[in-house]
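Just so you know, ligand 1 is whichever comes first in the structure, and atom 1 is the first atom listed for that ligand.
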Amino acid sequence: MKKPKFYQLTKDERLATLVEQGHLSQTDADCLAAAEPLSDEIAGNMIENQIGQYQVPLGVVQDLLVNQQVYQVPFAIEEPSVIAAANNAAKMARANGGFVTEQLTRLMTGEVVLEKLVDLVAAKAWISGNNDHLFEVARAAHPSIVKRGGGLQKITPTIIDNRFLKLELQIDTKEAMGANIVNTICEAIAHAVQEQLGGNLLLSVLTNAAFESVVTASVTIDPATLTTATLAGETIAEKMIAASDFAKVDVARAATHNKGIMNGIDAVVLATGNDWRAIEAGVHSYAARKGAYQPLSSWEWTTDQQLRGRIELPLPVGMVGGSIGILPTVQINQRLLKVQNARELAGIIAAVGLAQNFAALKALVSDGIQKGHMALQAKSLAIAAGATETELTQLLPLLLKATHLNTATATELLAQLRAENK
Ligand code: NDP
């Protein structure tokens, strides 16, 4: 008998396979299998007014090849087709040498903004002339990040709109995403500056436009490997490039192009305990940084007729801090990923975004997006209609043949099936 594919196994068999392959320890697999909720002590202390817990399935994208290293990538996601698409893209990218990533800088930025200063130019000059003092204030505000080799790196004062004085603070937060570290330093600097310059202190806080934490990932695909039963690989590649070009001139398309990318990115960000709102805010502000909202990735021909995709986006993710040390599943996910540091994690996430984009564009320009989606959507509808595991096998083929794939059809077909099975 043919060996079943990973996705055809039961959850427990999948966990056993990951243990067998050395990706998960038995203890971690047992924890995932038990799917224990957070204790009231943890959940109740994490947020205000806690009244329950909210479940999202956790899946895995297998063997994503990034910088010549193979990763098992945890995805926390409720949308049915995302993992299947990423797996498909991961397989194709692996056959073509995998993803290559790069991150030149990894700094977070904070803003301190004052207004109603008597002399804006003199105030700006004071900042530039008193860097040593302000660096000392920053060190004293967060000595532990300095001990870890991080802390304030640069202060840039700018006059904006002939009204505001903005201090941009570049801060190395090491392995943390760093929002709280940055805010602590910003507030200390703000206090010191206002004490000297007076005026009105408006705000001192991190900006989520983390443009000093930009990561790129690229992949080069031999178009022959894209060939399907009905379409030549070159034709698919040509259309993927055209679809990517279209996203550059049509905001309506760019938004969906980027949403597809974020399907994978948010899933890994969530699974690794990172702040997905921060990532979303940063990514979309980066997409709009030149004025017009742009796609985060682009596809083109190389000089030797290969299909090359490249993604560029800010990914200020952390390995420590926030809820990372609190949520047990996040720690299991870090071990499953076998990721060593925040830069490596950001590279994997960028590659996931490009993989997701590859899968979406390829499906769009060949079979259309619904073909792959519908099988999975049918499953969700059947489950929502109340089908049991055994009923699913009978109900899904009927549902996929139905003219209207919706809840009413699923409920009706399930009722018919139950009547027949009586
Ligand atoms: P934390 O406040 O948890 O700070 C991280 C801490 O981890 C550091 O203070 C440091 O403490 C400790 N740490 C241990 N090892 C390291 C290491 N190798 N490198 C760096 N730090 C280390 O988290 P963040 O400052 O990262 O802030 C993230 C949180 O802030 C998230 O929960 C996010 O949702 C939230 N947030 C986000 C905002 C936004 O995005 N706009 C705004 C406000 C909050 P020590 O050195 O003392 O051991």
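Around atom 29 (C) of ligand 1, the closest heavy atom drawn from Thr207, Ile171, Asp172, Asn180 belongs to Asn180. When Arg148, Met177, His142 are ranked by how near their heavy atoms come to atom 12 (C) of ligand 1, first place goes to Arg148. Of the candidates Asn341, Ile324, Val320, Val320 brings a heavy atom nearest to atom 21 (N) of ligand 1. The closest heavy-atom contact to atom 1 (P) of ligand 1, among the options Gly322, Ala176, Ala278, Ser144, comes from Gly322. When the heavy-atom distances from atom 43 (C) of ligand 1 to Ile181, Asn183, Asp275 are ranked, the shortest goes to Asn183.
At least one heavy atom of Gly178 sits under 4.0 Å from some atom of ligand 1.
Remark: ligand 1 and Lys174 share no N or O pair separated by less than 3.5 Å (distance only, no angle test). Annotation: Gly321 places no N or O atom under 3.5 Å from an N or O atom of ligand 1; distance criterion only.
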Discussion item. Side chain to side chain donor-acceptor pair (under 3.5 Å), that's the test. Do Asn341 and Glu175 meet it? Break it down for me.
Written reply: CA-CA 7 Å; Asn341 56 54; Glu175 289 304 310; 5.3 Å; no

Worksheet item: Going through the checks in order, is the side chain to side chain donor-acceptor pair (under 3.5 Å) test met by Glu312 and Tyr286?
Response: CA-CA 9 Å; Glu312 182 181 316; Tyr286 194 70; 2.4 Å; yes

Practice prompt. Go through the steps for Asn357 and Ser297 under the test side chain to side chain donor-acceptor pair (under 3.5 Å), then give the verdict.
Written response: CA-CA 8 Å; Asn357 181 237; Ser297 68; 2.6 Å; yes

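Taking 4.0 Å as the cut-off between side-chain N and carboxylate O, Lys11 and Glu13 do not count as a salt-bridged pair.
No part of Val205 comes within 4.0 Å of ligand 1, judged by heavy-atom distances.
Note: Tyr293 and His284 have parallel aromatic rings, judged against thresholds of 30 and 60 degrees for the angle between ring planes.
Within the model, atoms CD of Gln334 and CD of Gln340 stand 10.0 Å from one another, a figure rounded to the nearest 0.5 Å.
Between Val283 and Ile265 there is no side-chain heavy-atom pair separated by less than 4.5 Å. Contact check for Leu167 versus Ile127: side-chain heavy atoms found under the 4.5 Å cut-off.
Glu175 CB, 3.4 Å is the protein heavy atom nearest to atom 18 (N) of ligand 1. In terms of protein heavy-atom proximity, atom 20 (C) of ligand 1 is closest to Thr173 O, 3.3 Å. Among protein heavy atoms, atom 37 (C) of ligand 1 sits closest to Ala179 CB, 3.3 Å. The protein heavy-atom contact nearest to atom 40 (O) of ligand 1 is Asn208 ND2, 2.9 Å.
Near Ile145, meaning under 4.0 Å from one of its heavy atoms, ligand 1 places the atoms 20 (C). The Leu206 neighbourhood of ligand 1 comprises atoms 39 (C), 40 (O), 41 (N), with distances under 4.0 Å to a heavy atom of that residue.
In terms of heavy-atom proximity, Phe358 sits nearest to Met92 at CZ-SD, 3.5 Å. Taking both residues in full, the closest heavy atoms of Thr216 and Arg310 are given as CG2-NH2, 3.2 Å, listed atom of the first, atom of the second, then distance.
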